[in-house]
Amino acid sequence: MDTVDVWFKDGLRFKCTGCGGCCTGSPGYVFLSQSDIETLSAHFEMTTVDFLRKYTRLVDGQSALLDRPGSEDCIFLKNKQCTAYEARPVQCKTFPWWVYHLRDPKDWEEAAERCEGINHPDAPIVPSEEIQQQCFTYLDNLSDT
């Protein structure tokens with residue numbers, strides 16, 4: 001994979017703390033590719049049709065996960081843990097390496113205000129090449145939704 005010259009060429013600090021903050025309390029959508037739908041359906045031992053009926057909604061013609069009723073939390077979040085972690089969507093797997101967090105240092109700092117694992121003092125430095133690979137994976141998945 002080719003990488004590009006970016007402001008985070010020396011890498012960025014991140015480690016998941018397991019707080020569940022990325023899955024709670026902020027409006028947004030987890031869009032699902034066909035591959036995500038198949039993986040999640042198999043995880044829950046359901047047909048894709050049943051999975052789509054039970055856990056998704058259409059947003060601008062795309063399948064997106066439901067929120068937990070009465071909240072803006074992900075439907076799969078329970079006690080700050082993902083009940084579908086092994087089968088979680090690519091969008092979740094690639095967090096926080098999304099393009100709108102990486103456009104410039106200001107965007108990264110704004111993301112850090114919502115995620116305690118970004119710039120965490122105990123976090124390792126994630127190399128730029130790995131960050132870009134995750135970002136490209138996220139973008140490729142978006143094109144499959």
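Only heavy atoms go into these numbers, but all of them, side chains included; no hydrogens, no water, no symmetry mates. Count residues from 1 along the sequence.
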To check you understand the geometry: which heavy-atom pair defines the closest contact between [X] and [Y], and what is its length?
| X | Y | value |
| --- | --- | --- |
| D36 | P89 | OD1-CA, 3.4 Å |
| K15 | A123 | N-CB, 3.6 Å |
| C115 | F14 | SG-CE1, 3.8 Å |
| H43 | A84 | NE2-CA, 3.7 Å |
| T56 | L52 | OG1-O, 2.6 Å |

Next on the checklist: For Y100 and D107: C-alpha separation, side-chain torsions, deciding distance, then whether side chain to side chain contact (heavy atoms under 4.5 Å, CB included) applies.
Outcome noted: CA-CA 7 Å; Y100 50 86; D107 288 338; 5.6 Å; no

Next on the checklist: With clusters defined by side-chain heavy atoms of hydrophobic residues (ILVMFWY) lying less than 4.5 Å apart, directly or transitively, does L77 cluster with L66?
Outcome noted: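 As far as the 4.5 Å side-chain criterion goes, L77 and L66 are not connected within one cluster.
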
Next on the checklist: Applying a strict under-4.5 Å side-chain criterion to I, L, V, M, F, W and Y, I'd like to know whether V90 and I37 cluster together.
Outcome noted: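 They do not share one cluster, since no chain of ILVMFWY contacts under 4.5 Å joins V90 to I37.
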
To the nearest 0.5 Å, tell me how far [X] [atom1] sits from [Y] [atom2].
| X | Y | atom1 | atom2 | result |
| --- | --- | --- | --- | --- |
| E86 | T39 | CD | OG1 | 12.0 Å |
| Y138 | W97 | OH | CH2 | 14.5 Å |
| Q132 | D5 | CD | CG | 9.0 Å |
| D122 | T17 | CG | OG1 | 11.0 Å |
| L40 | S63 | CG | OG | 11.0 Å |
| K78 | C23 | NZ | SG | 15.5 Å |

Next on the checklist: Show me the pairs that pass salt bridge (Lys or Arg N to Asp or Glu O under 4.0 Å) and involve residues 44-63, at least two apart or across chains.
Outcome noted: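 Only D50-R53, R57-D67 qualify under salt bridge (Lys or Arg N to Asp or Glu O under 4.0 Å).
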
Checklist entry - With under 30° as parallel and over 60° as perpendicular, where do the rings of H101 and F95 fit, or are they tilted in between? => result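 Perpendicular.
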
Checklist entry - Hey, mind stepping through E38 and F51 against side chain to side chain contact (heavy atoms under 4.5 Å, CB included) and telling me if it holds? => result CA-CA 9 Å; E38 291 167 7; F51 174 82; over 6 Å; no

Non-hydrogen side-chain atoms of [X] and [Y] separated by less than 4.5 Å:
| X | Y | result |
| --- | --- | --- |
| W7 | L12 | yes |
| F8 | I131 | yes |
| Y55 | L32 | no |
| I125 | D10 | no |

Item to check | Residues in side chain to side chain donor-acceptor pair (under 3.5 Å) contact with Q81, at least two apart in sequence or another chain | outcome: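 If we apply the side chain to side chain donor-acceptor pair (under 3.5 Å) test to Q81, skipping adjacent residues, there are no hits.
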
Item to check | Non-neighbouring partners of W108 that pass side chain to side chain donor-acceptor pair (under 3.5 Å), sequence neighbours left out | outcome: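 With neighbours one apart ignored, the set is N119.
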
Next on the checklist: Is it the case that the side chain of T83 and the backbone of F76 share a donor-acceptor pair, with hydrogens and angles ignored and the cut-off at 3.5 Å?
Outcome noted: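 Yes; at least one donor-acceptor contact below 3.5 Å.
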
Next on the checklist: Between R68 and D73 (side chain of the first, backbone of the second, donor and acceptor by atom type, cut-off under 3.5 Å), is there such a pair?
Outcome noted: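 Side chain of R68 to backbone of D73, a donor-acceptor pair under 3.5 Å: no, none is there.
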
Item to check | T137 and D140: CA distance, side-chain angles, deciding distance, side chain to side chain donor-acceptor pair (under 3.5 Å) verdict | outcome: CA-CA 5 Å; T137 298; D140 287 345; 5.7 Å; no

Checklist entry - Is the number of heavy atoms from other residues, nucleotides or ligands under 6.0 Å of K93 NZ greater than 12? => result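 For K93, atom NZ is crowded (more than 12 foreign heavy atoms under 6.0 Å).
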
Checklist entry - Taking atom OH of Y29 as the centre, does the number of heavy atoms from other residues, nucleotides or ligands within less than 6.0 Å exceed 12? => result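 No, the 6.0 Å shell around OH holds no more than 12 heavy atoms from other groups.
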
